[in-house]
Amino acid sequence: MIDKTFIDKCKNIFGPENVLTDKAELISYSYDATPGIPREIPGVVVFPENTKQVQELVILARQTKTPIYPRGAGTSLSGGPVPLSKGVVIGFQRMNRIIEIDPDNLTATVQPGVVVAELNNAVAKYGLLYPPDPGSMATATVGGTVAENAGGLRGLKYGVTKHYIMGMEVVMPTGEIFRFGGKTVKNVTAYDFTHLFVGSEGTLGIVTEIICKLIPAPKYRKSMIAFFSKLEDAGKTVTDIVRNHVIPATLEIMDKVTIQTVENYAKVGLPTDVEALLLIEVDGMGQDSVLWEAEKCVEIIKQNNGTYKIAETDAERDSLWAARRAALPALAQVKPATILEDATVPRTKLVDMLVAVQNIAKKYNLMIGTFGHAGDGNLHPTLLVDPMNKEEMERVHKAVDEIFEVALSLGGTLSGEHGIGVAKLKYLKNEIGRSGIETMRRIKQALDPDNILNPGKLVPMED
Amino acid sequence: MPATAAKTVFDDVETLKRELIRCMKCGNCMSACPIYNVEKKESSVARGKIALGEAILDDKINIDDEILVKLIFNCLVCKSCMMACPSGVRFDRIILGLRAAIARKKGIPFVKKALFGLLKNPELFDKGMKAFAAMQGFFLTKEGEKARAPRGFLRQFGKRFDKDFVLPELSKESFRDRVSEVIDVENSQATAVFFTGCSVNYFYPDVGEDLLFVLRKNKVKSITPKQQNCCGMPVMVHGDIETARELAKKNLDIFEKTAGQYIVTVCGSCGSALKHEYPIILEGTEYEEKAKKWAERVYDISTFLLKVIKFEPPKGKVELKVTYHDSCHLKKSMKVFNEPRQLLKMIPGVTLVEMKKPDACCGSGGSYHLTHADTALKIAKAKVEDIKATGADAVCTGCPACMMELFEGLHRWQGDCKVLHTVNLLAQAYKKEEG
C-alpha cells in the first residue's frame, strides 16, 4: 500500500517539505476531537497547495488502492478525518488562501484550509458576515466545516453551512476535476451537487475550492438571560417566542446540572436553585425592530414565570455570555473527560428530551449536564466520565445508546451538527432505514468505485 | 529529593497520565499557538504533543525517538494554549514533564550540562559573564548605540547568527555589582526584595536602576541580594529539573534571610518561576511550604505599585506614543496585563495605542529563537509588523527577554521604534518631575 515508491512520488508531487513520514509526526494525525473512537496512525501525511497536486495524489492512490483521508483542522466530533485503514492523510491547513471577496455579489471564494474565523475577520471589513459559527470556528477550516455541514449558535435564524455554499471545485475519486455552482443567486443547472457534497464527510470527493455566500452583518443586537424554576416554563418560552414570530439569532438553554457546575466553577452570579436558563439574543439591521423583538421576548419570559436580566452595554452582554461560554469548561473540570453528544429534536419536543436525558442520567448513575441550541432543538448532553473506569464507561455507552433512541422516538435526528463519521455509524439504520443505507451505498459506489475516499465513514459498506 | 516525597510529573512520566487525559482534543489550542500558526502541522501544537505523550505511555513510540525529542522541544512554553483550553489542561506541566523524562533517559547534552552547571555556581557564572562582557568585542562587533552583532566566524553556529542579528551590549559591570544591597528610605511604606533576573543583571542594568529609582520615589525600601541565583526557568524548560530545584532552593534560602515583605520582579519569566513553578517543582519536598509562602509575596512591579503600596504617580511629562507588548509569562502565567497599561496611561504625555495582537508571542522563548531560528523569525516578524503598524515611538513591555527579541526584530525589519521596559518610562517621568 504505502511503500517507498509511494512516498517518493508524494515527495515529487508536494515537495519534501510538504510530506510527513516520521512516526512521531504521523502519530499526531491519528485522531480528531471525537472521544472514544479508535485511533490509527496514517502511512503518510501530505499538504497540498493547489488542486493539481490533489488530483495527482488521487490518481496515485487509485492506482495503488490506497485510502485517502482528507483533513482540515481535525476538530470534527464524529471521527471524519481519522485514518482508520492507515493510508494517506491529505491535510489542507497549508492550502489556505482567500482567493476573492466580492462584496457586490456577496460571495467569498476560498481554498479549503481557510480558518472560519479568519474568513469572518476578512469579510467584516466590508460589513459582511459568513454566518456558520461552530464552537471551533477559531480553528476549524471552511473545507472541514463544508465536509461536516457544521452548524453553530446562530443556526436558528441563520441556518448552517449548507445554506451558505454556492458552488465548489471538487477532485473526484476518479481523478477528474469537477466545478459546479457559482456566484448567481439562482442556479438550477444539473443536480443540486452543493447539497450532495456539503456534509458528505469527505467520502464522495475532495473539495479544493469553495464559493461562500455572505450576508450583511446585523447592526444591532440585544441580549438577555432568563431563569426558570420549571423546565416546562423554559421549554414553553422557547416555543412561544417562535410562535410570536420572533426568530432570535441565539436561543440557548442550560439545565440545572450545567448551571450549578458553571456557578461553582466560574462564579458568574447565576442562581443555583433554578431548573433552566435561556440565553437569548435578537439582532437585525433596524434598531426599532430589534427593540421590539427584545420587548416581545421579555413579555413571553414574564408570562412563563421567568425572571430575567437584559444587557444594556457590551460589558453586560459579555457577562451574560460568560455563563454560556463557561458551560463546557466548567463541566470538563468535574471529571477527567467529557463526551459531548448532539442529539436533536423538533423544537416542541425540547422539554421531553431534557427530561429523558435526566432520567437516563439517574438510571445509569451518571452525571450529564445538558446545554445547547434550544431554538433549533439541538442539545448537547455532556456526559462527565473517567475513561480509566471501565465499569463506568460501560454504563456511559448504554446511556448514549438510549439518548439516541429517545431522540429518534421524538421525531428527531442522530446528529444536529457533528455528523455520523464512525461515532454514530451503528445507529444510522435506525434513522434512515434499510432503503436509506442502500441508497447511500449506491451513491458511494457510483462516485468512488474503488472505495478509496475516507473509507469506513458515514456509509456502512457491510451489514 | 527525599525518598518519601510523592512522585511528580517531573520525576515519573507515568504520573503525566492524569494530566494528559484532560485533553479532549478539541483543537482550540491551535488558534492560540504561535508555532502552529507558522508551521501548520499538528505536532507543532499542544494537542499533537499531548498525543505524543499518550503514545509514549502506550508504548507506541520510544521516549528517546530522535524525531519525537525534536518535536517535544519545539515549544516556546509561552502558555498561550492554556489560555484557549476549555478543559484546563495544564500543558506547562505536560511539556516540562516530558522534557524532564527525555533528559532522564538521554541525559542533558554536554554543552548544556556545562552551562547549567555554571548557573548553579553563581560566582563562577558571574565571572564567566563578566569575562564574556570584557571580551565581547572579540565575538561581536559594535552595531550602533548599545548594540552588538556577531562577527562572521560565529555564523557557522547557526543561521540565527546572520548579518542582521543584534543583541544589546553586555554590561561591563553587572547590575548587582553596581548597586548597594540595601537602599533605605525615610518613612518607608514597605520593604521589597528585588529579584533582578539574569537579563537585567547582565544586559539591562538600566532597567534595574530605574526600578530601584521608582521604588525609592514611592518610599519603598529595597533589598537586592547580591547572591541571588538564576530563577531556574532556562534550565527547567530544557528538562533539567534537578538544577532548577537546586536554584529554587538556594533562592528561597536567600529570601528567608532577607526577611523582606515582598518580592518584586521586572521579568515575566522570573516572576512566573517564583510564583508558579517553584511550588510545582518543589511539591513533596521539604521546601514545599517555603515555596508556597514566598510565591504569595511575589509581584510584578506594576501590580506591586498599583495594588500593594500607595502609588505616587509621576508628574513629569513624557511626550511619547507608546504601544504595549504583553510578555507571555507576565500575562498568561502571572495574569498581569491591565496594570502595566494603567501605569502607562498615568504618565502625563504618554498616549497608549494598542497593536493588533498585543499578547501574541514575540518568538523569543528564552533560547527557542536560537534553536528554532526559522519558526522564531517568522513569529517575530509578525510581531514587528504589528508594532510598526501602530506608528508608536516606543514599544513597552514587562520582560527583558521580550525586549531583546523586539530590539533585534525592529533592527532586522527596520522599525523606527524604541524598546523600553515599563519602569524605564516611569523613571523618565519621575526624573522630568525633578527637573
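We name chains A, B, ... by the order of the sequence lines, and we start the count at 1 in each one. Here the structure is a predicted model, which means the values were calculated and not measured.
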* Do B:Phe337 and B:Leu330 have side chains that get closer than 4.5 Å, going by heavy atoms? -> no

* How about A:Val422 and A:Val82: do any of their side-chain heavy atoms sit closer than 4.5 Å? -> no

* Structure fact -> Rounded to the nearest 0.5 Å, the CD1 atom of B:Ile67 sits from the CD1 atom of B:Ile72 at a distance of 12.5 Å

* Asked: Taking atom CG of A:Leu77 and atom CD1 of A:Ile339, what is their separation to the nearest 0.5 Å?
  -> 11.5 Å

* Heavy-atom distances under 4.5 Å only: say whether A:Pro336 touches chain B with side chain, backbone, both or neither. => both

* Identify the two heavy atoms, one from A:Ala322 and one from A:Val268, that lie closest to each other, and give their separation to 0.1 Å. => CB-CG1, 4.1 Å

* **Residue A:Leu20 versus chain B: region with a heavy atom under 4.5 Å** => side chain

* Between chain B and each of A:Gly113, A:Gly74, A:Gly91, A:Ala332, count heavy-atom pairs under 4.5 Å; write down the option with the most. => A:Gly74

* Non-hydrogen side-chain atoms of A:Ile90 and A:Pro48 separated by less than 4.5 Å -> yes

If you check both backbone and side chains, which donor-acceptor pairs between chain A and chain B fall under 3.5 Å?
unit_1   : atom_1 : unit_2  : atom_2 : d
A:Lys23  : NZ     : B:Lys60 : O      : 2.4
A:Glu25  : OE1    : B:Lys41 : NZ     : 3.4
A:Glu25  : OE1    : B:Ser43 : OG     : 2.7
A:Glu25  : OE2    : B:Lys41 : NZ     : 2.6
A:Tyr29  : OH     : B:Glu42 : N      : 3.0
A:Tyr31  : OH     : B:Glu42 : OE1    : 2.6
A:Arg39  : NH1    : B:Glu54 : OE1    : 2.7
A:Arg39  : NH2    : B:Glu54 : OE1    : 3.3
A:Arg71  : NH2    : B:Glu42 : OE2    : 3.0
A:Ala73  : O      : B:Arg47 : NH2    : 2.7
A:Gly74  : O      : B:Arg47 : NH1    : 2.7
A:Gly74  : O      : B:Arg47 : NH2    : 3.3
A:Gln93  : NE2    : B:Tyr36 : OH     : 2.7
A:Arg94  : NE     : B:Glu39 : O      : 3.3
A:Arg94  : NH2    : B:Glu39 : O      : 2.9
A:Thr139 : OG1    : B:Gly27 : O      : 3.1
A:Gln333 : OE1    : B:Arg22 : NH2    : 3.2

* Asked: Side-chain contact, heavy-atom cut-off 4.5 Å: A:Val45 with A:Val88?
  -> no

* Asked: With a 4.5 Å limit on heavy-atom distance, are the side chains of A:Val400 and A:Leu383 in contact?
  -> yes

* **Heavy-atom contact with chain A under 4.5 Å, split by part of B:Leu68** => both

